[in-house]
A.B. asks: 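Got a structure for you, questions after.
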Amino acid sequence: MAERRGDRAVPELVRSRRAARRPRGRAPPPADDSPKLTGELATFDIGLDYTPQPAPGEQDEYRCFVVDPGIPEDSFITGYDILPGDPRVVHHVSLFYLLDAEAETEAAALDAADPEPGYRCFGAAGVQRSILYGVWVPGSGATILPEGTGIFHGAGRQVVVQVHYNVPAPGLYSDRSKVTYQLEKGATLERAYLVPAGSFEFSVPPASRRPTSAPR
């Protein structure tokens, strides 16, 4: 009997189709190329587990916490990272450097006058001799300063950590936001400064990719 080559080809075709349908494993996760802090680090938090309590009828609370970051000698901050304790309610975080003992005394008085931990604040720390020197917003990750530059932090100086909370249901959330500094001590670096820039003259409607001018 003559050999029927077509019959032999059918099993081979079936096997190749089955192999093509088999899963080949999961794709590897994307490489994490986000900035990372290295070297000498100083980590601190707001000092307690805080439950945001906006004013009646409001969803937003701005709360300032006076904190000693534990930096005993003059240093330069060459990078920083801010980790919100509860990202569901932390809208953004701002760091304010208290320039001298007078500023620390003023911040302590504001803290003492408020019966709750820290004190209510809006926009800034409410202390005249303070400067903004760090900000976190969702998705920002760690900030690394350009090489050869750093934000000066004097020995023993305190900071104010301002947290903007947006709370859908008061009393149900607890936050203990944390800050980490990347430090260089004994170095002579070019001083860097954070210069705020922004605009309230535009809005982004839901599901829109183009900002529109805000009504005047």
A.B. asks: On the 0 to 90° scale, with breaks at 30° and 60°, tag the His91-His164 ring pair as parallel, tilted or perpendicular.
C.D. replies: tilted
A.B. asks: In Å, rounded to the nearest 0.5 Å, how long is the span from CD of Gln53 to OG1 of Thr51?
C.D. replies: 6.5 Å
A.B. asks: Calculate, to the nearest 0.5 Å, the distance between atoms CZ and CG belonging to Arg88 and Leu172 respectively.
C.D. replies: 9.0 Å
A.B. asks: Would you give the length of the straight line joining atom CG of Asp86 to atom CG of Asp49, rounded to the nearest 0.5 angstrom?
C.D. replies: 11.0 Å
A.B. asks: How close do Ala107 and Val160 get, counting heavy atoms only, and between which atoms?
C.D. replies: CB-CG2, 4.3 Å
A.B. asks: Is the shortest heavy-atom distance from the side chain of Ile82 to the side chain of Val161 under 4.5 Å?
C.D. replies: no
A.B. asks: Can you tell me how far the CG atom of Leu48 sits from the OG atom of Ser174, to the nearest 0.5 Å?
C.D. replies: 8.0 Å
A.B. asks: Are side-chain heavy atoms of Leu95 and Tyr181 found at a separation under 4.5 Å?
C.D. replies: yes
A.B. asks: In sequence, state the C-alpha distance, the side-chain angles, and the governing distance for Thr149 and Arg191, and then conclude on side chain to side chain contact (heavy atoms under 4.5 Å, CB included).
C.D. replies: CA-CA 6 Å; Thr149 69; Arg191 291 199 183 194; over 6 Å; no
A.B. asks: Output yes when Arg157 and Asp74 qualify as a salt bridge under the 4.0 Å nitrogen-oxygen rule, no when they do not.
C.D. replies: no
A.B. asks: Could you check if a side-chain atom of Phe44 sits within less than 4.5 angstrom of a side-chain atom of Lys178, using non-hydrogen atoms only?
C.D. replies: no
A.B. asks: Quick check: closest heavy atoms across Ala125 and Cys64, and the distance to 0.1 Å?
C.D. replies: CA-SG, 4.1 Å
A.B. asks: For Asp175 and Pro84, work out which heavy atoms get closest and say how close.
C.D. replies: OD1-C, 4.0 Å
A.B. asks: Please examine the side chains of Leu98 and Val159, heavy atoms only from C-beta on, and report whether any two atoms are closer than 4.5 Å.
C.D. replies: no
A.B. asks: How many angstroms lie between atom CD of Gln128 and atom OG of Ser130, to the nearest 0.5 angstrom?
C.D. replies: 9.0 Å
A.B. asks: With side chain to side chain contact (heavy atoms under 4.5 Å, CB included) as the criterion, how do Ile144 and Gln182 come out once you've worked through the C-alpha distance, each side chain's angles and the decisive distance to 0.1 Å?
C.D. replies: CA-CA 9 Å; Ile144 307 295; Gln182 174 180 288; 4.1 Å; yes
A.B. asks: Ignoring hydrogens and angles, state whether a donor on the side chain of Glu184 or Thr78 is under 3.5 Å from an acceptor on the partner side chain.
C.D. replies: no
A.B. asks: Compute the ring centroids of Phe76 and His153, then answer whether they are less than 6.0 Å apart.
C.D. replies: no
A.B. asks: Are Phe122 and Val89 connected in the hydrophobic side-chain network, where two residues link if heavy atoms are under 4.5 Å apart?
C.D. replies: no
A.B. asks: Quick check: Tyr50 with Phe65 (ring centres under 6.0 Å apart)?
C.D. replies: yes
A.B. asks: CG/Asp45 to OG/Ser177 distance, rounded to the nearest 0.5 angstrom?
C.D. replies: 9.0 Å
A.B. asks: Please say yes or no: joined through hydrophobic side-chain contacts below 4.5 Å, possibly via intermediate residues, are Leu145 and Ile131 part of one cluster?
C.D. replies: yes
A.B. asks: Spell out, as yes or no, whether a donor-acceptor pair under 3.5 Å connects the side chain of Tyr97 to the backbone of Gly154.
C.D. replies: yes
A.B. asks: Can you list the steps and then say if Val135 with Val93 is a side chain to side chain contact (heavy atoms under 4.5 Å, CB included)?
C.D. replies: CA-CA 6 Å; Val135 174; Val93 180; over 6 Å; no
A.B. asks: Quick check on the hydrophobic clustering: are Leu132 and Val66 connected, directly or via other members, by side-chain heavy-atom contacts under 4.5 Å?
C.D. replies: yes
A.B. asks: Could you pull out the closest heavy-atom pair between His92 and Ser94, with the gap in Å?
C.D. replies: CD2-OG, 3.7 Å
A.B. asks: Tell me if the centroids of the rings in Tyr165 and Tyr62 come within less than 6.0 Å of each other.
C.D. replies: no
A.B. asks: Any heavy-atom pair between the side chains of Arg120 and Arg63 that's under 4.5 Å?
C.D. replies: yes
A.B. asks: With the threshold set at 4.0 Å, does a side-chain nitrogen-carboxylate oxygen contact exist between Arg129 and Glu102?
C.D. replies: no
A.B. asks: Checking side-chain polar atoms at under 3.5 Å, does Ser34 have a donor or acceptor matched by the opposite partner on Lys36?
C.D. replies: yes
A.B. asks: Check the pair Asp81, Val179 against side chain to side chain contact (heavy atoms under 4.5 Å, CB included), reporting the backbone distance first and the verdict last.
C.D. replies: CA-CA 6 Å; Asp81 195 10; Val179 181; over 6 Å; no
